[in-house]
Amino acid sequence: IGGAAKAYEIEKSLRFNSDDSPYLNKTWSGDDADLQKQTYSFWFKRKKQAQGYFFTAWNNSNTDRIGILSDSQFFIELKNGSSTEAEFHSKRVLRDESAWYHAVVAFDTTQGTTDDRIKVWINGVLITDWDTKDTIGQDYSMEGFGRANKQHVIGAYASGSSSQSG
């Protein structure tokens with residue numbers, strides 16, 4: 001089949017253009033979510049080969065974050081105040097700007113081994129090869145993700161800084 005690709009739109013989807021500093025944010029009130037067991041599932045398509053953030057959560061002095069580094073590695077960082085509790089950078093790089101990626105990030109810090117406490121699948125393939133891989137403590141409670149009265153952001157670091165494109 002030849003010819004130019006047709007433009008299309010996926011209903012109820014979002015497109016972030018970093019030149020516009022787009023993001024969504026929400027600060028929940030009430031009780032915290034489960035701070036040891038959380039799952040994030042989302043689709044994304046790269047637009048620029050630059051660092052970007054899919055999810056962040058402010059914890060008063062830093063952020064928990066899930067995103068893409070400027071070298072196209074998928075990454076997760078969990079912060080405990082101003083220090084890093086855990087940091088993971090995939091060896092696999094995600095550079096294809098024409099591809100859709102489906103990511104699932106599952107946290108369960110109640111598990112007995114580090115490999116079971118954070119799991120990431122990209123397009124159904126479990127990432128087991130990490131360039132950077134920290135040990136996350138058993139029964140660690142998230143300092144940002146899932147906390148009530150903390151700003152949660154989709155598509156940027158915090159309130160529009162370092163916005164995602166795609």
Side-chain angles (χ1 to χ4, degrees), residues 14 16 18 21-44 46 49-94 101-166:
L14 299 172
F16 293 102
S18 62
S21 299
Y23 66 94
L24 300 173
N25 72 348
K26 174 75 175 171
T27 301
W28 285 274
S29 60
D31 297 331
D32 290 338
D34 187 330
L35 300 176
Q36 296 173 326
K37 297 178 183 180
Q38 298 179 24
T39 302
Y40 296 81
S41 176
F42 55 97
W43 288 90
F44 65 96
R46 302 289 311 270
Q49 299 299 312
Q51 182 162 325
Y53 301 93
F54 299 118
F55 296 96
T56 62
W58 181 248
N59 67 21
N60 293 336
S61 61
N62 217 320
T63 61
D64 290 344
R65 45 192 167 233
I66 299 170
I68 296 281
L69 295 170
S70 58
D71 63 4
S72 299
Q73 292 177 306
F74 191 89
F75 81 97
I76 300 167
E77 292 181 4
L78 301 177
K79 300 293 186 171
N80 186 352
S82 60
S83 65
T84 300
E85 174 66 24
E87 185 171 358
F88 296 80
H89 300 182
S90 68
K91 281 193 177 180
R92 179 181 175 188
V93 292
L94 308 172
Y101 296 99
H102 179 241
V104 177
V105 179
F107 299 103
D108 184 352
T109 65
T110 66
Q111 294 296 315
T113 62
T114 297
D115 287 345
D116 292 332
R117 293 181 197 142
I118 295 181
K119 291 187 176 185
V120 177
W121 293 265
I122 301 291
N123 293 341
V125 177
L126 178 65
I127 295 177
T128 58
D129 203 10
W130 297 94
D131 189 39
T132 300
K133 179 181 175 184
D134 285 340
T135 300
I136 184 169
Q138 188 170 13
D139 298 321
Y140 174 73
S141 292
M142 307 290 175
E143 293 294 323
F145 289 141
R147 293 265 179 191
N149 304 308
K150 306 292 182 193
Q151 182 185 42
H152 290 70
V153 179
I154 296 174
Y157 179 71
S159 295
S161 65
S162 299
S163 296
Q164 176 70 28
S165 272

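None of these values were measured; they are calculated from a predicted model.
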Notebook entry, point to check: Shortest non-hydrogen contact from G30 to A148?
Noted result: O-CB, 3.0 Å
Checklist line | Pairs flagged by ring pair (Phe, Tyr, Trp, His ring centres under 6.0 Å) wherever residues 101-139 is involved - sequence neighbours left out | finding: W43-H102, F44-Y101, F88-W130
Note to self: I'd like to know if the side chain of T56 and the backbone of A156 have a donor-acceptor N/O pair within less than 3.5 Å.
What the structure shows: yes
Note to self: Once rounded to the nearest 0.5 Å, what's the spacing between atom CD1 of I118 and atom CD of E87?
What the structure shows: 11.0 Å
Note to self: Under 3.5 Å, is there a donor on one side chain and an acceptor on the other for D116 and T113?
What the structure shows: yes
Note to self: Suppose we screen for salt bridge (Lys or Arg N to Asp or Glu O under 4.0 Å). Which residues come up paired with K91, at least two apart in sequence or across chains?
What the structure shows: D129
Next item on the list: Apply salt bridge (Lys or Arg N to Asp or Glu O under 4.0 Å) to R147 and list each qualifying residue two or more places apart in sequence or on a separate chain.
Entry: D32, E143
Check: Got T39 and V105 here, is their nearest side-chain heavy-atom distance under 4.5 Å?
Finding: no
Check: How would you list all residue pairs meeting salt bridge (charged side-chain N to carboxylate O under 4.0 Å, His left out) that involve residues 58-84, not counting sequence neighbours?
Finding: R65-E77, E77-K79
Next item on the list: Any chance you could measure R117, atom CZ, to T109, atom OG1, to the nearest 0.5 Å?
Entry: 7.5 Å
Next item on the list: Hey, could you give me each pair passing salt bridge (charged side-chain N to carboxylate O under 4.0 Å, His left out) that has a residue in residues 51-61? Not counting sequence neighbours.
Entry: none
Checklist line | Heavy-atom side-chain contact between E85 and Y140 under 4.5 Å | finding: yes
Notebook entry, point to check: Applying salt bridge (charged side-chain N to carboxylate O under 4.0 Å, His left out), which residue pairs with at least one partner in residues 131-140 are found, sequence neighbours left out?
Noted result: D115-K133
Note to self: Tell me the closest heavy-atom pair linking A103 and I122, and the distance in Å.
What the structure shows: CB-CD1, 3.8 Å
Item checked: Backbone of K150 reached by a side-chain donor or acceptor of H152 within 3.5 Å -> yes
Check: Between L94 and I68, is a side-chain contact (heavy atoms from CB on, under 4.5 Å) present by the stated rule, with each step listed?
Finding: CA-CA 8 Å; L94 308 172; I68 296 281; 3.7 Å; yes
Check: If only atom types and distance count, is the side chain of Q36 paired as donor or acceptor with the main-chain N or O of T110 below 3.5 Å?
Finding: no
Next item on the list: Report yes if the side chains of I154 and F54 come closer than 4.5 Å at any heavy-atom pair, otherwise no.
Entry: no
Margin query: I'd like to check V120 versus I76 (side-chain heavy atoms, cut-off strictly below 4.5 Å). Are they in contact?
Written below: yes
Check: Between S90 and F74, is there a donor-acceptor pair closer than 3.5 Å when you use the side chain of the first and the backbone of the second?
Finding: yes
Notebook entry, point to check: Do Q38 and Y40 get their side chains close enough for a donor-acceptor pair, meaning under 3.5 Å?
Noted result: yes
Next item on the list: Could you tell me if the ring centre of Y53 sits under 6.0 Å from that of Y23?
Entry: no
Next item on the list: Using atom types as modelled and distance alone, determine if a side-chain donor or acceptor of N80 lies under 3.5 Å from a backbone N or O of S83.
Entry: no
Notebook entry, point to check: Below 6.0 angstrom between ring centroids: does that apply to F145 and F55?
Noted result: no
Note to self: Distance check, rounded to the nearest 0.5 Å: I136 atom CD1 versus T84 atom OG1?
What the structure shows: 11.5 Å
